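Here's the structure we're looking at; comments come further down.
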Amino acid sequence: MQIKVLIFFVIFSGSINVYTQSGQVALATTAVQVTVNAGKQFNPISKLVYGQFIELLFNYFEGGLWAEMIGDRKFFYPVNSTEKQSPVNTRTYLGRWKPVGDDAFVTMDSVHAFVGEHSPLIMLQKNTLHGVQQQNISLKKGKAYTGYIYLSAKPGVVVQVALQNNSSNKQQLLFKNLTSTFQKLPLRFIATADTDNASIEITGTGKGSFTIGTISLMPADNIEGFRKDILDHLKDMNMGMVRWGGNASSGYNWRDGIGNKDKRPPRYDYAWSAMESNDVGTDDYLRLCRLLNVAPYIGVNAGLGDANSAADWLQYVNGSTTTPMGKLRAANGHPLPYKVKWWGIGNEMYGEWQLGHMSIEHYIIKHKLFARALRKIDPTIYIVASGASPFETGSTSIYTNKPLVGKTPYLYGSEKDWSGNLLAYAADDFDFIAEHAYPISDSAYNEQKQTFVHVNDSLANRIRRLPNRIKCAAEAFREYKRKMPFIQQKGIKLAMDEWRMKDGWGLEDALSTAEAFQEIFRHTDIIAMSSYTSTGAPSCLLYSGTDAALQPNGLAIKLFADHYGELPVEVTGNAEQPQITGTTNVDRPAVSSGSNTYPLDVTAALTKNRKKITIAVVNPTLQSQQVKLKFEGIQLEQKGKKWTISGTDLKAINKPGKKPVIEIVESTVTNQGVFQLDAASVTLFEIPVK
């Protein structure tokens, strides 16, 4: 077999780099030259750009951040041996209830239901145990687990709650003297082994029957209902904001999620075809924000919801105790208003997948109704409109698996320009307009075929796709400002309130995330906040039932949030980033994102007190590189620090319960002008100012 290799020589900055046919840098013979001009400063970086996005979806709360270990603890589904649940439940990571003994002895009592539509009523039989059981419970040896169960029973019935670690170890709690009135009874167990397949069993003896209201079991070290290990990692990421919204919000009734959580009815989430226990609602989310010391951002239901309900929700959150909803909040144990400033109206309302989707003409009317109802309750809030530039509407088929309607690229001002229409006809009724971005590696839009096609990108180009989509959003917003000068006068800005690479969360994804943050730093005049997708999900954390691990993406966010400066300064070079495969105005901007320091991506910022300068460099190649930094408008000390995220495996992740393979490594650095960069790395330098 004959192998052919095509090699290109590209000369820039007085250096020669060798490129393979795929475009990947093979060798760097001299340093990439970069000039940092501290005398040219830009708009400050808001702490809110280090935000995250969360919704009532998958294991963001249930089976993850929320510490509850019992699946369907309020018995939304009937207890039976049928394998399929109806309606279908996509949340399968927590266990489900099955009968102990014959199915006929477990019925669902709708007349005396404790919460929701029904509660399991177990008929007893002499010499045969009957009840319910749930498997797939994860335990850690020596760890305490606490909770409670609500029971009612006929006189003389004894109920046994047993936690079985394995076939030979069962811990049992007996409850006697039960009555026909539900009683809340405490549970406490100590795990005797590590397992992911423990089971909990609730059975009875005696004559008659007993009914289970609900049951809860959490690690005893939970913090106000949240898993301590996950919460600690999220605190460590030093976030600025947590946005609560998403597709689920378009079918969410906020009233279901307040008050005694044991009495909150379980509901079906039609957006994600899943059962939702409603254990995490408004007060719980705001408690999470307090624990994380982040700004809250609530997205109201503008899908199937109405403006009056949204206004009531705002009054519940921010109203005084003299208002009806403020009084209700106080009755639920929260007398002081939360003073939440950020409120989003709707989520991806341009999309046909969204509950309550309608035409842009009708949605403009709906948005105005919502905005005016909200501002009547609290005129001090910031309102975020559910926008989408032609870049977003033209690229959504890549993650919805649905064909695009009409010929792309979509035109500014057309019905597909959701953001442009909202800006043109509803600009008085919002302060920020949202954009979402979920590009996929090795996928580019082909205008001739009018579809996304697979491409064999180089590593640098794969990493470039996410920052390119950030640049697309900024480019579109600048076009809006050119066409509609009143945007500048009104002070409307862009909210990147959902974004990430769609595929993966290993080291390669972290490099892309870092470049995306650097692109945000270049547009601080228009990008006021960002919410990375998502809080507690695999993109930043991986977790089992007992352990959690911060992933490379989470480390990249932490690195910038902890150490990067607040005052961006000019960075220049003479090697522009090349355009990658794709279509302008669909999945790539007219001018590529990134600094003109190819193959590196470089940004710099002074700290708020101007006593230090920070320089962030992403090396998206598989070879070590050198960067030669020239500083203007500033004099620096010789000694500084650097922090590095790097590795040899682009798919490397940190596994829960195992020693991390990707970490932030801190070291000292001497400012001699030329700095060494690891292959496939994010490096942040910090040098004191003289």
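Note that the structure is a prediction, hence the values are computed from the model and not measured.
Using a 4.0 Å cut-off between a side-chain N of Lys or Arg and a carboxylate O of Asp or Glu, D279 and R264 do not qualify as a salt bridge. With respect to the salt-bridge test (charged N to carboxylate O, under 4.0 angstrom), the residues K74 and D262 do not qualify. Between D72 and R96 there is no salt bridge, since none of the side-chain N atoms of the basic residue sits less than 4.0 Å from a carboxylate O of the acidic one. For K98 and E83, the salt-bridge test passes: some basic side-chain N is under 4.0 Å from an acidic carboxylate O. For the pair D547 and K140, the salt-bridge criterion is met [side-chain N within less than 4.0 Å of a carboxylate O]. Salt-bridge annotation for D232 and K228: present, with a side-chain N of the basic residue lying under 4.0 Å from a carboxylate O of the acidic one. Salt bridge annotation for K261-D284: absent, with no cationic side-chain nitrogen under 4.0 angstrom from a carboxylate oxygen.
Applying the salt bridge (charged side-chain N to carboxylate O under 4.0 Å, His left out) test to K651 and every residue at least two apart in sequence or in another chain returns E508.
The number of heavy-atom neighbours closer than 6.0 Å to NZ of K154, taken from other residues, nucleotides and ligands shown, is 12 or below. In the displayed structure, N260 atom CG is contacted under 6.0 Å by more than 12 heavy atoms of other residues, nucleotides or ligands. Shown here is Y148, whose OH atom has more than 12 heavy atoms of other residues, nucleotides or ligands within 6.0 Å. Taking a 6.0 Å sphere around NZ of K235, one finds it holds more than 12 heavy atoms contributed by other residues, nucleotides or ligands. Counting heavy atoms of neighbouring residues, nucleotides and ligands inside a 6.0 Å radius, atom NZ of K263 exceeds 12 of them. In the displayed structure, K207 atom NZ is contacted under 6.0 Å by at most 12 heavy atoms of other residues, nucleotides or ligands. Atom CD of E117 has 12 or fewer heavy atoms from other residues, nucleotides or ligands within 6.0 Å.
Between the side chain of T90 and the backbone N or O of S273 there is at least one donor-acceptor pair closer than 3.5 Å. Using a distance-only test at 3.5 Å, with no hydrogens or angles considered, a donor-acceptor pair links the side chain of S539 to the main chain of T533. Of the possible donor and acceptor atoms, one in the side chain of D194 sits under 3.5 Å from a partner among the backbone N and O of K141. No donor-acceptor pair closer than 3.5 Å links the side chain of Y297 to the backbone N or O of G51. Within the 3.5 Å criterion, the main-chain N or O of M275 finds no donor-acceptor partner in the side chain of D269. For Q52 (side chain) and V242 (main-chain N/O), no donor-acceptor pair under 3.5 Å exists by modelled atom type. R329 contributes a side-chain N or O that, together with a main-chain N or O of H334, makes up a donor-acceptor pair within less than 3.5 Å. In this structure a side-chain-to-backbone donor-acceptor pair under 3.5 Å is missing from Q164 to A162.
Taken to the nearest 0.5 Å, the CD1 atom of I70 stands 5.0 Å off from the CD1 atom of I215. Here the straight-line distance linking atom CZ of R227 with atom NE2 of H233 works out to 9.0 Å at 0.5 Å rounding. Within the model, atoms CD1 of I137 and CG of N197 stand 9.0 Å from one another, a figure rounded to the nearest 0.5 Å. Atoms OH and OG, from Y363 and S386 in turn, are 5.0 Å apart once rounded to the nearest 0.5 Å. Between S512 atom OG and W505 atom CH2 the span is 15.5 Å, to the nearest 0.5 Å.
Among the candidates E498, K502, E392, the single residue satisfying the side-chain hydrogen bond (donor to acceptor under 3.5 Å, both in side chains) test with Y438 is E498. Tested against Y150 for a ring-ring contact (aromatic ring centres under 6.0 Å, His included), the candidates F114, F175, F210 yield a single pass: F114.
Residues W66 and F226 place their aromatic rings such that the two centres sit under 6.0 Å apart. The aromatic ring centroids of W97 and F75 lie less than 6.0 Å from each other.
A heavy-atom distance below 4.5 Å is not found between the side chains of E68 and E62. In this structure, the side chains of F182 and T211 come closer than 4.5 Å at one or more pairs of heavy atoms. Residues V294 and Y50 form no side-chain contact, since every pair of their non-hydrogen atoms from C-beta on lies 4.5 Å or further apart. Two residues are said to be in side-chain contact when any heavy atoms from C-beta on lie closer than 4.5 Å; L151 and L185 meet this criterion. In this structure the side chain of L217 never reaches within 4.5 angstrom of the side chain of T146, judged on heavy atoms.
Using modelled atom types and a 3.5 Å distance limit, the side chains of S534 and R243 yield no donor-acceptor pair. Side-chain atoms of S249 and N301 form no donor-acceptor pair, as typed in the model, at a separation below 3.5 Å. Between the side chains of S216 and R73, not a single donor N or O lies within less than 3.5 Å of an accepting N or O. A side-chain donor from one of D109 and H112 sits under 3.5 Å from a side-chain acceptor of the other. If you check the side chains of S250 and Q354, you find a donor sitting under 3.5 Å from an acceptor. Side-chain contact check for N165 and T192: at least one donor-acceptor pair (N or O, by modelled atom type) lies under 3.5 Å.
Heavy-atom minimum distance, A373 versus A311: O-CB, 3.8 Å. Considering all non-hydrogen atoms of both residues, L129 and G204 come closest at CD2-O, 3.9 Å. In terms of heavy-atom proximity, S531 sits nearest to D497 at CB-O, 3.2 Å. Nearest heavy atom pair, residue P266 against residue G116, reads CD-CA, 4.0 Å. The two atoms that bring G240 and L48 nearest to each other are O-CD2, 3.5 Å, heavy atoms only. Residue L292 comes nearest to M239 through the heavy atom pair CD1-CE, 3.7 Å, listed as atom of the first residue, atom of the second, then distance.
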Starting from the C-alpha separation in whole Å, work towards a yes-or-no answer on salt bridge (charged side-chain N to carboxylate O under 4.0 Å, His left out) for K366 and D306.
CA-CA 9 Å; K366 190 169 191 178; D306 64 272; over 6 Å; no
Check step by step if side chain to side chain donor-acceptor pair (under 3.5 Å) holds for N553 and T513.
CA-CA 7 Å; N553 274 329; T513 298; 2.7 Å; yes
Worked verdict on N247 versus N347 for side chain to side chain donor-acceptor pair (under 3.5 Å)
CA-CA 6 Å; N247 291 347; N347 176 81; 2.9 Å; yes
Could you go step by step and tell me if E276 and R267 meet the salt bridge (charged side-chain N to carboxylate O under 4.0 Å, His left out) rule?
CA-CA 5 Å; E276 169 55 49; R267 290 286 187 251; over 6 Å; no
Side chain to side chain donor-acceptor pair (under 3.5 Å) between E352 and H357: does it pass, once the steps are laid out?
CA-CA 6 Å; E352 69 277 6; H357 167 68; 5.5 Å; no
Could you give me the CA-CA distance, side-chain angles and deciding distance for Y268 and N89, then say whether side chain to side chain donor-acceptor pair (under 3.5 Å) is met?
CA-CA 9 Å; Y268 193 71; N89 186 20; over 6 Å; no
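In this pair, W254 and Y316 present their aromatic rings tilted. The plane angle is within the 30 to 60° band. Ring geometry for W353 against Y350 counts as perpendicular: the plane angle is over 60°, on a 0 to 90° scale with 30° as the lower cut. Y252 and W313 have tilted rings, their planes meeting at an angle from 30° to 60° on a 0 to 90° scale.
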